Every structure is written in structure tokens, then in C-alpha cells.
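Everything on this sheet refers to the single structure shown next.
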Amino acid sequence: MTYRRPTFRHPNLPKNDLGYTKRDYEGGISTLCAGCGHDSISNAIIQACYEMALEPHKVAKMSGIGCSSKTPAYFLGKSHGFNSVHGRMPSIATGANLANRDLTYIGVSGDGDTASIGMGQFAHVIRRNIDMTYIVMNNGCYGLTKGQDSATADRGSKSKKGAPNPFESIDLCELAIQLGAGFVARSFSGDKQQLVPLLKAALAHKGFSLIDVISPCVTFNNPDTSTKSYQYVRDHSEATATFDFIPLRMEITTTYDKGTTTPITMHDGSIINLYKSDDSVDVTSRRAAIDALEEHREQNQILTGILYISEEMRDTHEILQTCDTPLNTLTEEDLCPGSTTLAAIVDQYR
Amino acid sequence: MTKLEATNDFVIRFANVNGSGSASANNLFAKAIFRMGIPVSPKNIFPSNIQGLPTWYEVRVSGDGYLGRRGGYDFIVAVNGQTMRKDYDDLLPGGYFLYDSTRPLPENYDRKDVTLIDIPLTEICNREISNPKLRLLLKNIVYVGALAYLLDIEFSVLTDSLKKQFAKKPKLAEPNIHALELGFNYARENHTESCCLKVKRSKKLSDHIIMDGNSATGLGAIYGGATVAGWYPITPSTSVVEAFSKFANKYRQDDKGRVKAAVIQAEDELAALGIAMGACWNGARGFTATSGPGISLMNEFLGLAYFAEIPVVLIDVQRTGPSTGMPTRTQQSDLFISAYASHGDTKHILLFPHDPEECFTMTANSFDLADQLQTPIIIMSDLDLGMNDHVCSPPQWDDNLQYNRGKVLNEKQLEEIKGNWGRYHDIDGDGICYRTIPGTHPEYGSYFTRGSSHDQKAAYTEDSDKYVESMVRLEKKWLTAKKYVPAPVVQIHDKKSPWGIIFFGTSTYSAHEAMDRLTEKNIRVNSLRLRALPFHDEVGEFIDKHETVFVIEQNRDGQMRKILINEGDFDPHKLISVLNYDGLPITAGQICKQIEEALEAMSPPAKKAVQGGTK
Ligand SMILES: Cc1ncc(C[n+]2csc(CCOP(=O)(O)OP(=O)(O)O)c2C)c(N)n1
Ligand code: SF4
Ligand SMILES: [Mg+2]
């Protein structure tokens, strides 16, 4: 069942630039387990879209299969959504994006959906640099099939089942950086302060952006012995440079001292101000970003925040040189060369 | 020895080495015959290899217009040492063996029933052509020149073809024409009157073209308004999307030089179909092209498209299975997997083009069909149709035609009904519901597409009644589809005949020829060419009208026959399979033989009917 929320709106709810309240970005009532990290991420998505004043109907939500992939039913109820098949969301998102380059695409996937069955599509959607925000709700297990270890479970991590995971884990962020993603971040479902601005920055990024959000599965993978549990993540996280996301329409009022920030202008004119401490990671260098991830891993630390950012890359439409007009709005006049041309074409076959 | 003697009626085979540049010479030959107005059907019999393995090019010349494979060959151009022995042995008695006599023929080539035509191709080239690179390529042109003399091909037709081919580089035409002359002169001086196979200008072809099915399919997708193609390379379908890309780059540029289409070479066939489906879901026209192994991989997505009702066009250029099978040979053996692709109760609409003109038309129309029926449309081409050149009528286009996008609610309509609508609500009673495209209206029309069970409003449901309701509706849509898909082509030659034949796709050429041959033997059969699944009611009527119906197809298991039984509930004993599945196109000879044997074996009353029906 999809439960619908009551439609009553409090008249005094604050409104964004479009005149929408936060409620306008909500979806159906979640059917996930109480306390599931995924629900927090849904809420962060609602918050980010509301704050950015995205037109809800200009957003398309895509997902695969899993508890995580169900969440698009629980946010942005005014947006179209597509719950596809297990591990194949990237190709559906690719086709949708090619058809209409003007919408905002939010892809939601799980660690099983992405790092196992969907690994191939994940790798290739990055290579093509589809303009979308790809969110992995990463709980280190297969929630929907009752808690089996996933490919992002760390070696030695113990889920509720109790046996340590004997296999190496896949770091989706590191992989994404290697594959050429222009925006890669990691966050934690329990850290809304960090997650909301990260989502906003990712949504503003033109091209592919990945946010790997550690999102504990309270039912199957939340004992302290699991490296994807609330407790473990709280104890072992360290953020890269803190940052400010300044959307296009806002005045720049950075709170950091001059000289200690690096502004990165996003494609849409928004700005990310990276606050640099002395030992912070250079997130504009692919190599430094990968080194930082490896170093933190050696120390059993989870590096969060923006891990890598580059505003240089051309998205798929730029690479393919497709026309500016969304392909799905073209008509016979645009698309059909007509009978005279056909006669000339077939004449070449005489 | 009696030499084979014929005008405009023979089969010539070229035995070459893959990658030696023979293709363009052989093409030049076939096209010259076509340009003399004579029906011709060339077939590439090629290996799954890029260079070095044997490859054959077989050209049937048929003044009567029979374009199917005939089988056997009357003339062989044997320029591949690897296969020469077999090429020699298999030549029909009375046939002609043209070989490169730079090296003498081994002594054990001692057939008394063939005519040897020795031409020292290598020697001529070494002597006359100074550029060593060109020498190898032009060796092929030299034999075409010799054939021009031997078979009476109009020389000017060949030279005009070369001039046309090299219109942009006239310098290259000269050495080619010179090579033609070398071959022609040598044959004239040394083989006067040796060949009794001839071609003669004919009026049989007028407006016709000679085109490969895949190019026609790619062009059809352009005319049908396709804008997004996802694909993964696989023989024999690759050239469909290559053609689409080529035509798109030429005919779909906007004034900034940007293309009104997007083609993505995907990581696999799953993604290829996913890309096409994502595009269609979002209101564009998307398609993909593949062959059997790709269809296997696409199953899960096809089930999603069926159940979530996403329009999409899929072109299956079939090859010889199972598994990798014979990847460069033809078959019609993906019928089961395509008709019923994916788990659960699924079935799909199939179209069966039989020539390039129909590849064009069916592909162009398939996008309307997909949009109207909101389900996958699978076009069942095959290697023979897709990759070989076929003589056919030129495709036509009606400029008044408007794309039919099916039941899609626009912003105004959504406003009028105030969003009071359900994605899977069948208000018209034809099983087809209204859909919306993302981004249409700020308040109304959004829904969540899913492959899990859904109610009329697209919400998740595990309610048995609601599930059954949607399955029943999908069945209703299937029945509606009968009225939308192309009708079969029925030919009644003898109203009283107890026999019918059913065929489709590339079996058509040979089936027509077989009917003529059977008629000569006083066996009159009526025919029906299937063009789509679901079957029109006419198919059932045709079967009911006959005592015995032969189902001609190119697979081992008689897949179409079984689909007929399955879908139409026909008496299995009535339907007799006529099959060829050796990887080469079925021949009229094979069809006649199997039909005659079956009639022979039939019980006396039926045999009597044989006579009764023939007078
Ligand atoms: C082809 C296929 N295989 C298996 C499944 C069963 N299945 C459903 S969800 C799932 C795992 C989901 O794990 P994840 O993506 O991590 O999502 P989570 O539930 O943990 O959020 C599996 C294996 C399926 N739906 N489809
Ligand atoms: S099983 Fe785990 S992932 Fe799934 S809803 Fe429950 S807590 Fe969340
Ligand atoms: Mg998971």
C-alpha cells in the first residue's frame, strides 16, 4: 500500500521562492521500519529540494529495487517516479535524461542495487556523465531480502547475523572518482546538517554527482560490530573541509575568513565555498581525493563531505552534441525528413 | 558434356578470403545485373571473423523474379585456395569453374562435367598494375571484368557504376576501369564462347531499389520519429543503429549543427533496452536493435515494459542460435523468446517484415503502435533480410501523416480534469489507459511507475482482486492490439483447395516460388503471409478454410506453428511444419520437397483431395 498524507496545509507554513511549502515536497507515508536510515535521507531530499525551490514537477525520481529504492514514493509526490528493476536504474535514468535534458534527475539506489547487480550500469552512467544526482542509501546489507551482507560491507564487519564478512568491500566513492565523476560526496543519514547542503550542491552540479549516504538498517545491520551502524559511524567519521553552498539566487555572505576559503562556481552559477583547515584534503584533485580515502580507510575512519569536485566536465548531451531542445518535445516537422528527401535517399540504392 | 545454358537464370558463387577487398567487387557485379533491370539476389555467406577465413558471395540471377535462395551453383569464381577443392566438387554438373591460373590447377581436379575457365589473375595484376597495394584489391575487379565478357554484362553499366562510386575521387575510378578491361580482354581473347550462361537487359525491374534491410530499418526509425537509441554491438543487428546514426547526422541537424537524436552505445543489452525505455517513459521515441543473445538479456526489462505499460521499439535481427550458435548465419528462431519474453504472464507484439521496404514501413509505424498500445513492439527481422541486399519497391512517405502519440494527457487536459485521473484506469474500455509525461503539469498527473503490482492510480497493491483486474485488462489490450497491427496478406488461388501455406519474413521469397512450382505440378495451394502477432481473425479463418496448412519457417521446433496452436487454439494435426534451420535461407526446393512428401504420406482421402483440387 501507498499511504497518502492528509492534504490539510497549515496556512502559516513558510514558503520558498516558488511559494511552495515543505509539505509540497513530501510524498506518501513511508512503509520502511521505524528508525531506518533511508527515511532520514528522504527527509533530507525534501528539505534540499524545498530550500532550492525546485519545481517539483520538473524533477524525475528514478530507482532500482530494494528498501532504498522504494523511497521515491515517500518524497516529492508531485514528481514522476520510476521504480525500475534491480540494479538497472542508471540505464532508465540515462534514457529519460536523453529524452528531456531540462528536468532534474534524482536517482535512488541501495548498496546491493548499485555495488552488486547494478555495478556495470553504475560504472557506465558515470563514464557517460549523465546529468543526475545518484544517491546510494548504503546500509552494507540487503535490507529487503532480510539482511545478507552486501558488497559495501567492510571486511570483518558483523551484522545482526553475527558472522564477520569475509570479503573485501567496494568503496563506491573511490570508484566513482576513478571513473570520472565530477561530484562525489559521502555522508551519513544521521547528519542532516551535512547531508542537506551536500544534496543541494549535488543537485546544482551539472553532470553526474554521487552521494554515498551511510544509512543504517536498524533491523538487520545496526549492532555496534557493524561498520554501518549508527554508533560506529558516529564514532569513526571525519569530514573533509566544511563548506557553504550558496545557491544562485542568494547573496554571498560567507561566514568564513577571507583567504581560508576556496570558492567553486557551479554550472548554474551557484557557489560552493570550501573552508580549508591546514590538514584538509584538496577535493579538487582526483589523486589527492583517492589518497585521502585510502588513508582514512587505513585508520578505520570514514571520510565524509565533498570528496571530489570538478566543474569542468561536459555532460552526455554536450558530449553527444544533441540539440538544446528536449528531444521529447520535437514533432514531425523536426524529426521527419519528408517524402522528397526519402525519394532522394532511396535513389542512392538504385 | 552438356554445358549449363541459361539467360537470366543462374546462380554464381564467389569464393573469397574474408578481408581481401572482394566485397566491393562482388557488389559491383550484383549491382550491374540489377542495373540491367534483371531481378537479382545476392547473399553473403560469411564467417564470424575479420580477416583470413573463407567467405562466399552467392548471386542468384532470376529473370522470373524469384529472389529466394535457390541452392546449388552453376558458376564459381574460385579465388580462395583454402576452399577451392570443395568449391570445385560442389559445382553443379555442366557448371563453370573460373580460377586464378597463375598457379596450375592440381592434377586431381579432373571432373569431366565442368568447364574450366582459367584466368591468370595474379599474373595479370603483377604485370599491369604497378602499385602493390592496389594489385591485391584490383585482382577482384579483374575477375568482374572477365565475367562481363563471359556473361554479356553491359560494360558501360560497370564503368558507370565505378564512376558513380568514385564520384568524389575520380582518380580512383581509372585504375578500376583499367582492371575491368584487363579481365574483359583476357576472357575475350582466351575464352571466346566458353560460357553459355548469359544476362540480358530486362524490363522486369522499373522503379525498384536494391537495399539491405538494416539500412531500411534505420531509415524507418528516422521517419518514425525515433530520437533515442541505446544499443550494444552484435551481428547481425549492428548496422541498424549505424544506419540510424548516419541518417540522423545527415538529416537531423539543427541550425547549430547539433543533432536531434541521441545514440548511446551501452554497456550491454540490458542497458540498451533500459535507455530506450527510459526515453519512451519520458515522452521521446526510443528504440534498440539486437539479436538473439541480446533478447535473452533483455527479458527482465521486457516484462517491466509489459506490466508497467511503457512503449518501446525493439528490433531483433535474428541469427542462428542457440547460444552463440552460428552468429553469421540466418534463422527465424527467436519467436518463442520474443513472443513470451520475461517471467510471469507476458506476451509481446511482434511484426514480421519480409523485405527492406517493409522494414522501413513497419519500423516507421512501430513507433505509433508502441505509443498507441503502450507496450513493446518487437520487429522480427533476420540476418538474411538485415545484412543482404534485396530488390524491392522503394519506401514511400505520406507527408500528411502525423505521428500518433496515443493516449497522452497534455497540460490543458490535466487542468480540465483537475488531475482526476488514474494511470491504469481503463475509461475507454479498450484496455488502453491514459499516460502522462514528466514535467507536464505543476500539480496534476504525476505517478509512480513500477513493475510491482499496482492499482488504477498506480499505487502499490497486494490486493488479489486488483492484481487480477490489471492482468485481465492487459489481456483485453492484447485483443485490442489485433486491430492495430498489420493484417496478413492472403492469396487464394483456388477456393476449393484443401491446402494452405503460412509463412512470414524472409521465407516469403521462397514460398512464392514454391507455390509457382507446385502449381506447375498441379498442386494448388492458397497462402497467408503473417505480418504480426497477435494474429488477426483472418488467420483463424484461413486455417479453418483448409484441411491442411503448411507452416513454413526457419527454425527446428516449428515455433510459429506452436504459437499458432497456442494463440489460436487450432487443431495441431492440421498444421504441418515445413522447415529449414541449417543457417542458410530456406529454398523453394526444400519447401516443395517437404510439402510433396507430406502429401504423399497422407491418408488416401486426403490424397484424393490432392487430385480433386487440381483437375
Ligand atoms: C533480479 C532480481 N534479483 C533479486 C531480487 C531480490 N532483491 C530485492 S531487493 C534486493 C537487495 C536490495 O539491497 P539494497 O539495494 O542494498 O537495498 P536495501 O533494501 O538494503 O535498501 C534483492 C536481492 C530482485 N528483486 N531482482
Ligand atoms: S529492513 Fe533495514 S533497510 Fe529495510 S526498511 Fe527496515 S531498516 Fe530499512
Ligand atoms: Mg542495502
Side-chain angles (χ1 to χ4, degrees), chain A residues 1-2 28 55-58 60-62 72-73 77-86 88 90-100 102-103 120-121 123-124 128 316-317 320-332 334-339 341-343 345-347 349-350, chain B residues 35 209-211 219 222-223 225 227-228 230 251-252 254 256-264 266-268 270-271 274-284 286 300-301 304 394-399 401-403 436-443 446-452 459-461:
Chain A
M1 280 297 295
T2 304
E55 289 182 90
H57 74 295
K58 299 285 185 194
K61 311 168 289 184
M62 328 297 289
K78 292 182 203 278
S79 310
H80 275 68
F82 195 151
N83 186 201
S84 65
V85 286
H86 199 18
R88 317 296 173 201
S91 60
I92 295 284
T94 299
N97 177 292
L98 292 176
N100 186 356
D102 287 354
L103 300 186
Q121 298 214 344
H124 290 275
R128 288 191 282 266
T316 320
H317 286 281
L320 295 181
Q321 291 284 301
T322 43
C323 59
D324 294 333
T325 323
L327 295 175
N328 70 350
T329 60
L330 301 175
T331 61
E332 300 70 6
D334 305 301
L335 299 175
C336 184
S339 62
T341 304
L342 182 62
I345 294 172
V346 298
D347 200 40
Y349 295 89
R350 286 202 171 99
Chain B
R35 286 177 179 158
I209 58 166
I210 182 164
M211 188 178 198
L219 189 59
I222 291 280
Y223 274 75
T227 50
V228 177
Y251 301 106
R252 285 274 192 81
D254 69 7
K256 288 190 208 152
R258 286 169 164 256
V259 189
K260 289 179 270 186
V263 179
I264 292 270
E267 54 272 30
D268 54 34
L270 289 78
I275 289 168
M277 280 169 59
C280 292
W281 173 80
N282 215 0
E300 190 187 23
F301 259 146
L304 173 66
Q396 310 276 345
W397 189 259
D398 175 1
D399 287 323
L401 205 106
Q402 294 224 308
Y403 296 153
T436 57
I437 307 299
T440 303
H441 193 285
E443 294 296 324
S446 71
Y447 72 101
F448 199 51
T449 305
R450 53 175 100 236
S452 43
Y460 181 71
T461 179

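We name chains A, B, ... by the order of the sequence lines, and we start the count at 1 in each one. Values reported hereafter were calculated over all heavy atoms of this structure, with side chains retained and with hydrogens, waters and symmetry mates removed. Computed from a prediction, not measured in an experiment: that's the story for all the values here.
- With chain A as the partner, the residue from B:Ala266, B:Gly230, B:Gly439 showing the most heavy-atom pairs under 4.5 Å is B:Gly439.
- Distance check: A:Gln321 CD to B:Asp254 CG gives 9.5 Å after rounding to the nearest 0.5 Å.
- Looking at B:Lys256, only its side chain comes within 4.5 Å of chain A, counting heavy atoms on both sides.
- Within the model, atoms SG of A:Cys336 and CD of B:Gln402 stand 11.0 Å from one another, a figure rounded to the nearest 0.5 Å.
- Interface remark: A:Leu327 contributes backbone and side-chain atoms alike to the contact with chain B (heavy atom separation under 4.5 Å).
- Minimum interatomic distance between A:Ala99 and B:Ala279 (heavy atoms only, all atoms of both residues): CB-O, 3.6 Å.
- With a threshold of 4.5 angstrom between heavy atoms, A:Thr325 does not approach chain B through any atom at all.
- Salt bridge annotation for B:Arg252-A:Asp334: absent, with no cationic side-chain nitrogen under 4.0 angstrom from a carboxylate oxygen.
- Taking the six-membered ring where tryptophan is involved, the planes of A:Phe82 and B:Trp281 are tilted, since the angle between them lies from 30° to 60°.
- At a 4.5 Å heavy-atom cutoff, B:Ala276 makes no contact with chain A through either its backbone or its side chain.
- Atom OG1 of A:Thr94 and atom CD of B:Glu267 lie 7.5 Å apart (nearest 0.5 Å).
- Nearest approach of B:Leu270 to A:Gln121, heavy atoms of both residues: C-NE2, 3.9 Å.
- Interface remark: A:Pro90 contributes no atoms to any contact with chain B (heavy atom separation under 4.5 Å).
- Considering every non-hydrogen atom in both A:Leu98 and B:Ala262, the closest pair reads CD2-CB, 4.0 Å.
- The most heavy-atom pairs under 4.5 Å with chain A, out of B:Cys280, B:Gly257, B:Ser452, B:Pro395, come from B:Pro395.
- For A:Thr341, the parts sitting under 4.5 Å from any heavy atom of chain B are the backbone and the side chain alike.
- Among B:Thr440, B:Val263, B:Asp398, B:Thr436, the residue with the largest count of heavy-atom pairs under 4.5 Å with chain A is B:Thr436.
- Side-chain atoms of B:Tyr447 do not come within 3.5 Å of backbone N or O of A:His80 as any donor-acceptor pair.
- Taking CZ from A:Arg128 and CD1 from B:Ile264, the interatomic distance works out to 5.5 Å, rounded to the nearest 0.5 Å.
- Every residue was checked against the ring-ring contact (aromatic ring centres under 6.0 Å, His included) condition with A:Tyr349, not counting sequence neighbours, and none meets it.
- From A:Ser91, atom OG reaches atom CE of B:Met277 across 8.0 Å, with rounding to the nearest 0.5 Å.
- In plain terms, the two heavy atoms of A:Asn328 and B:Asn282 that are nearest each other are ND2-O, 2.7 Å.
- Residue contact with chain A, scored on non-hydrogen atoms closer than 4.5 Å, involves the backbone and the side chain of B:Ile210 alike.
- B:Ile437 touches chain A through backbone and side chain together, each having a heavy atom under 4.5 Å away.
- How far OH of B:Tyr251 is from CD1 of A:Ile345: 4.0 Å, rounded to the nearest 0.5 Å.
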Checking A:Leu320 against B:Arg258 for the side chain to side chain contact (heavy atoms under 4.5 Å, CB included) test, could you report, in this order, the C-alpha distance in whole Å, the side-chain angles of both residues, the deciding distance, and whether it holds? CA-CA 9 Å; A:Leu320 295 181; B:Arg258 286 169 164 256; over 6 Å; no
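- Remark: B:Glu443 pairs with A:Lys78 by the salt bridge (Lys or Arg N to Asp or Glu O under 4.0 Å) rule, at least two apart or across chains.
- In terms of heavy atoms, B:Glu300 sits closest to A:Arg88 at OE1-NE, 4.2 Å.
- In this structure, the side chain of B:Asp399 engages the main chain of A:Ser339 through a donor-acceptor pair within 3.5 Å.
- Across all their heavy atoms, B:Pro394 and A:Val346 have their closest contact at CB-CG2, 4.0 Å.
- In this structure, chain B has heavy atoms under 4.5 Å from both the backbone and the side chain of A:Leu342.
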